[in-house]
A.B. asks: 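Just dropping this structure here.
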Amino acid sequence: MINPVVVQNMKSKLEGKHFLKLADFTKAELMDLIRYTIQLKNMQKVGESHQLLKGKTLAMIFEKSSTRTRVSFETGMYQLGGHAMFLNKNDLQIGNGETIADTAKVLSRYVDGIMIRTYDHAIVEELADNASIPIINGLTDDFHPCQVLADLVTIYEEKGSFKGLKLAFVGDGNNMAQSLLMGCAIMGIDCTVASPDNSQVDPEVFKQVMGKAAVSGAKIEQTNDPHKAVEGADVIYTDVWASMGWNGDLEKRKQSFMKFQVNDELVKEAKEDYLFLHCLPAHREEEVTGTVIDGDHSVVFDQAENRLHAQKAILTSLL
Ligand code: CP
Ligand code: NVA
């Protein structure tokens, strides 16, 4: 049965807050969300009703495509007894020039929360500044916090604890790399990011990450040597080499990233019981070989499933 004390506890901590980036949350708050996710997951597995958001509506604004984020948020709201509304940019007057601020004020009069996937992170901040309801970041060019919460849940389930773990992110210093670094720094997980010199994470974000690591004790490093990053790693993570919205010369980019492919040779440097994670969608034989992503160490589909459970924890805590 759902423990009303747990629900009340989560609500008293997070009700009305936005979920824009992990840096806005403490280690204790993220740990509570991870445990709550696992509780909701167990309830769903045994078919126990947990309609905690009856009568609530979530607006979902998408300016970029999505499989996991869209389907898991919509299904999550349904399982919680609420309703989700899919809105792409062209369905909204934003597409005709209505301001983000006016959109935030109007939607706040109708719905109980907004999930948005967009380009510039400043857009979600502006939405949050003008809304009187919680705003959830479903991915920006800078951060993907819902994904990293699900990733942390997956690692916690597999390893039983975060203590002493090392995560290696190999590839583009993108929204995933930045959010993972932040998640690891807050939770006290050592993290090394290996990226080509011209694709490293934003120095300003890295500085904030180092600030969090100083509190948790996590060892955070950046390198352009994928072997150094993966050496002794418990978790290897990669993501696409060209994120949504990037429009340079793809063939040239693939050549400069080839050294960062997660393949059978590279994973030999990791611990024997390493886990392979990828936020998906994946491009096999680019950032990762089929032998690795479809191999025994890969937990990418458990990770994708956990998006559903983690977002239900976020939704019931905030809305
Ligand atoms: N990982 C992730 O966010 O996937 P989608 O782009 O399919 O939502
Ligand atoms: N870095 C990728 C993540 C997709 C979930 C992108 O932004 O396209």
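Computation of the quantities below employed the complete heavy-atom set of this structure, encompassing side-chain atoms and omitting hydrogens, waters and symmetry-equivalent molecules. By convention here, the first residue in the shown sequence is residue 1. Ligands are counted one by one from 1 in listed order, and the atoms in each one are counted from 1 as well.
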A.B. asks: Establish, for the pair Lys252 and Phe257, whether the NZ or CZ atom is under 6.0 angstrom from the six-membered ring centre and no further than 45 degrees off its axis.
C.D. replies: no

A.B. asks: Any side-chain to backbone donor/acceptor pair from Gln261 onto Glu286? Under 3.5 Å, distance only.
C.D. replies: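 Yes: the side chain of Gln261 pairs with the backbone of Glu286.
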
A.B. asks: Ligand 1 and Pro281, any nitrogen or oxygen pair closer than 3.5 angstrom?
C.D. replies: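 Looking only at distances, the answer is no, because the N/O contact criterion of under 3.5 Å is not met.
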
A.B. asks: Using heavy atoms and a 4.0 Å limit, tell me yes or no: is Lys64 in contact with ligand 1?
C.D. replies: no

A.B. asks: Please confirm whether Arg70 makes a cation-pi placement over Phe62, using NZ or CZ under 6.0 Å from the six-membered ring centre and within 45° of the ring normal.
C.D. replies: no

A.B. asks: Taking only heavy atoms of Met244 into account, list the atoms of ligand 2 that are under 4.0 Å away from them.
C.D. replies: 6 (C), 7 (O), 8 (O)

A.B. asks: Enumerate the atoms of ligand 2 whose separation from the nearest heavy atom of Asn175 is less than 4.0 angstrom.
C.D. replies: 1 (N), 2 (C), 6 (C), 7 (O)

A.B. asks: Could you tell me if the ring centre of His297 sits under 6.0 Å from that of Phe276?
C.D. replies: no

A.B. asks: Heavy-atom count check: over 12 atoms from other residues, nucleotides or ligands less than 6.0 Å from Asn96 CG?
C.D. replies: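 For Asn96, atom CG is crowded (more than 12 foreign heavy atoms under 6.0 Å).
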
A.B. asks: Identify, for atom 4 (O) of ligand 1, the protein heavy atom at the shortest distance, and state residue, atom and that distance.
C.D. replies: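 Result for atom 4 (O) of ligand 1: Arg68 NE, 2.8 Å.
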
A.B. asks: I'd like to know if the side chain of Gln208 reaches the main chain of Ala23, judged simply by a donor and an acceptor atom lying under 3.5 Å from each other, with no hydrogens or angles considered.
C.D. replies: no

A.B. asks: Between Leu139 and ligand 2, which part of the residue brings a heavy atom under 4.0 Å of the ligand: side chain, backbone, both or neither?
C.D. replies: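 Looking at Leu139 and ligand 2, just side chain atoms fall under 4.0 Å.
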
A.B. asks: Would you mind checking which non-hydrogen protein atom is closest to atom 6 (O) of ligand 1, with the distance to 0.1 Å?
C.D. replies: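 Of every protein heavy atom, Arg117 NH1, 2.8 Å lies nearest to atom 6 (O) of ligand 1.
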
A.B. asks: Heavy-atom contact under 4.0 Å between Leu280 and ligand 1?
C.D. replies: yes

A.B. asks: At their closest point, which heavy atom of His50 faces which heavy atom of Leu40, and how far apart are they?
C.D. replies: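 Reported closest heavy-atom pair: CD2-CD2, 4.1 Å.
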
A.B. asks: Mark up the atoms of ligand 1 that fall under 4.0 Å of a heavy atom belonging to Thr67, in ascending order.
C.D. replies: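 Numbered from 1, ligand 1 contributes 5 (P), 7 (O), 8 (O).
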
A.B. asks: Tell me the closest heavy-atom pair linking Ser66 and Arg117, and the distance in Å.
C.D. replies: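 Taking Ser66 first and Arg117 second, the nearest heavy atoms are CB-NH1, 3.3 Å.
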
A.B. asks: What atoms in ligand 1 come closer than 4.0 Å to a heavy atom of His144?
C.D. replies: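 Reading through ligand 1 atom by atom, the close ones are 2 (C), 3 (O).
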
A.B. asks: Record the part of Asp141 in heavy-atom contact with ligand 2 below 4.0 Å; permitted values are side chain, backbone, both and neither.
C.D. replies: neither

A.B. asks: Looking only at the aromatic ring of each residue, does the gap between the centers of His278 and Tyr237 stay below 6.0 angstrom?
C.D. replies: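 Ring-ring flag for Tyr237/His278: false, centres at least 6.0 Å apart.
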
A.B. asks: Pick one: which of Thr140, Asp142, Asn175 meets side-chain hydrogen bond (donor to acceptor under 3.5 Å, both in side chains) with His121?
C.D. replies: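 So the option named by the test is Thr140.
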
A.B. asks: At a 4.0 Å cut-off, with the gap strictly under it, does some heavy atom of Arg70 reach an atom of ligand 1?
C.D. replies: no

A.B. asks: Considering the heavy atoms of Leu280, write down every atom of ligand 2 situated less than 4.0 Å from one of them.
C.D. replies: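 That gives atoms 5 (C) of ligand 2.
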
A.B. asks: Closest non-hydrogen protein atom to atom 3 (C) of ligand 2, residue and atom name please, with distance?
C.D. replies: Asp239 OD2, 3.6 Å

A.B. asks: Note the single closest protein heavy atom to atom 2 (C) of ligand 1, along with its residue, its atom name and the distance in Å.
C.D. replies: Arg307 NH1, 3.3 Å

A.B. asks: In ligand 2, which numbered atoms sit nearer than 4.0 Å to a non-hydrogen atom of Ser243?
C.D. replies: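 Heavy-atom distances to Ser243 below 4.0 Å select 1 (N), 2 (C), 6 (C), 7 (O), 8 (O).
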
